[in-house]
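Keep in mind the model is a prediction, meaning the values are calculated, not measured. Below, chain A is the first sequence line, B the second, and so on; all start at residue 1.
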Amino acid sequence: MTLDWDGDPELKAIRDDFVKSLSDRSEILRVALSQLADDAPGALRDIQQVAHKLAGTAASYGFPTLTRIGEMIDDRLDEIFSSNRGMTALNEEATRAQGYVAVLEAALREGAAGRDDTGALDAPALKSLTSGA
Amino acid sequence: MTQKRILLAEDEAHIAKLVEFKLGKEGYAVELASNGGVAIEKLRTEPQGFALLILDVMMPVADGWEVLRFVRTESAVKGLPVLMLTAKGHQKDMANAAELGATQFLKKPFDPTELARLVRKLVGDPK
């Protein structure tokens with residue numbers, strides 16, 4: 001991205017506001033993770049919403065890794081919900097989601113500190129989403 | 001001369017702020033509609049008020065497709081250029097948008113500088 005984030009106080013404030021919102025998104029994920037066992041569909045929808053919004057915004061603010069992780073999780077959950085495989089599949093996904101949501105949560109914490117953690121993309125829980133495992 | 005006005009239909013506040021900032025710096029006046037219903041209302045109220053509509057796809061009340069259909073069927077705003085912000089399934093969205101008469105597409109997340117370049121291409125200088 002070609003914006004000079006620190007060169008304009010107004011732009012810096014806009015970015016700071018986005019960075020601050022990353023902690024809120026992390027909190028939504030934390031709550032969703034705690035609800036996965038009791039309400040897999042609802043919790044997975046909440047996770048997907050966070051992922052989808054990150055996919056569409058984060059890179060515009062200089063966080064391409066967050067966008068990529070968001071896309072991967074959003075695509076994965078799209079596939080799960082559109083396949084109509086029923087509650088068994090959703091409950092299986094809930095177990096799997098613990099892994100990739102933890103990666104996203106950690107990346108959000110890095111983002112809240114102003115860092116885009118490219119290493120997060122190497123996490124096995126994410127790699128398995130693209131390898132078809 | 002007055003500033004050219006751009007209607008931005010976008011429900012994601014963080015994207016809206018960035019677009020308002022960047023296009024504002026370029027000299028355009030940006031008016032925000034936080035959902036598709038508000039966008040349609042603004043276009044009904046001021047059919048000749050805007051030089052460009054920047055339109056997100058996924059929005060509450062009325063989505064981008066509904067707004068685009070309104071624009072292309074309502075004679076008072078039919079000629080308004082529309083820049084669609086697409087996200088998931090970009091290729092599918094592009095095909096839909098082309099069929100419904102969008103003027104230009106930009107995939108989210110986008111570089112705000114690229115957005116400003118496209119806006120200038122579509123509507124010319126800010127004044």
Side-chain angles (χ1 to χ4, degrees), chain A residues 1-26 28 45 47-82 107-108 111-112 116 129, chain B residues 6 8-30 32 34-36 54-61 63-65 83-94 96-97 105-121:
Chain A
M1 298 295 155
T2 52
L3 294 180
D4 177 12
W5 297 102
D6 295 321
D8 183 304
E10 189 187 349
L11 183 59
K12 186 177 184 309
I14 290 170
R15 187 176 195 250
D16 287 349
D17 187 48
F18 175 76
V19 169
K20 213 159 79 179
S21 80
L22 299 179
S23 301
D24 300 336
R25 296 170 207 243
S26 180
I28 294 169
R45 287 277 183 210
I47 291 164
Q48 186 177 19
Q49 197 174 13
V50 170
H52 179 78
K53 283 188 181 268
L54 281 172
T57 55
S60 292
Y61 279 93
F63 295 93
T65 305
L66 281 178
T67 275
R68 183 68 194 118
I69 298 173
E71 283 171 347
M72 290 164 88
I73 295 176
D74 190 19
D75 288 349
R76 169 70 185 175
L77 292 175
D78 243 6
E79 188 190 317
I80 294 294
F81 282 117
S82 62
L108 282 169
D116 189 51
L129 294 182
Chain B
I6 294 171
L8 169 64
E10 170 63 76
D11 66 318
E12 172 58 50
H14 292 289
I15 290 293
K17 280 182 199 169
L18 204 50
V19 172
E20 284 178 308
F21 170 83
K22 182 62 184 171
L23 296 184
K25 285 284 178 193
E26 296 285 319
Y28 300 98
V30 179
L32 177 65
S34 57
N35 65 57
I54 299 177
L55 186 58
D56 185 29
V57 174
M58 290 177 71
M59 286 186 293
V61 185
D63 63 19
W65 306 124
L83 169 56
M84 294 257 357
L85 303 178
T86 63
K88 312 188 47 154
H90 178 62
Q91 296 301 327
K92 193 177 154 207
D93 277 359
M94 273 179 64
N96 278 344
F105 323 92
L106 184 62
K107 187 177 186 298
K108 284 169 125 182
F110 50 80
D111 182 340
T113 303
E114 170 65 5
L115 173 74
R117 191 190 65 77
L118 283 177
V119 167
R120 193 171 288 268
K121 183 180 136 192

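- For the atom pair OG1 (B/Thr113) and CG (A/Asp4), the distance works out to 10.5 Å, reported to the nearest 0.5 Å.
- Note that CD1 of A/Ile14 is 11.5 Å distant from NZ of B/Lys22, once rounded to the nearest 0.5 Å.
- With contacts defined as side-chain heavy-atom distances shorter than 4.5 Å, the pair B/Lys25/A/Asp8 qualifies.
- Across all their heavy atoms, B/Lys108 and A/Gly56 have their closest contact at CB-O, 3.7 Å.
- Of all heavy-atom pairs spanning A/Ser60 and B/Pro109, the tightest one is OG-CB, 3.5 Å.
- Scanning all heavy atoms of the two residues, the minimum distance from A/Leu3 to B/Pro112 falls at CD1-CG, 3.5 Å.
- To the nearest 0.5 angstrom, B/Glu12 atom CD is 5.5 Å from A/Thr57 atom OG1.
- Smallest separation of non-hydrogen atoms from A/Tyr61 and B/Ile15: OH-N, 4.5 Å.
- The CG atom of B/Asp11 lies 5.0 Å from the NZ atom of A/Lys53; values are rounded to the nearest 0.5 Å.
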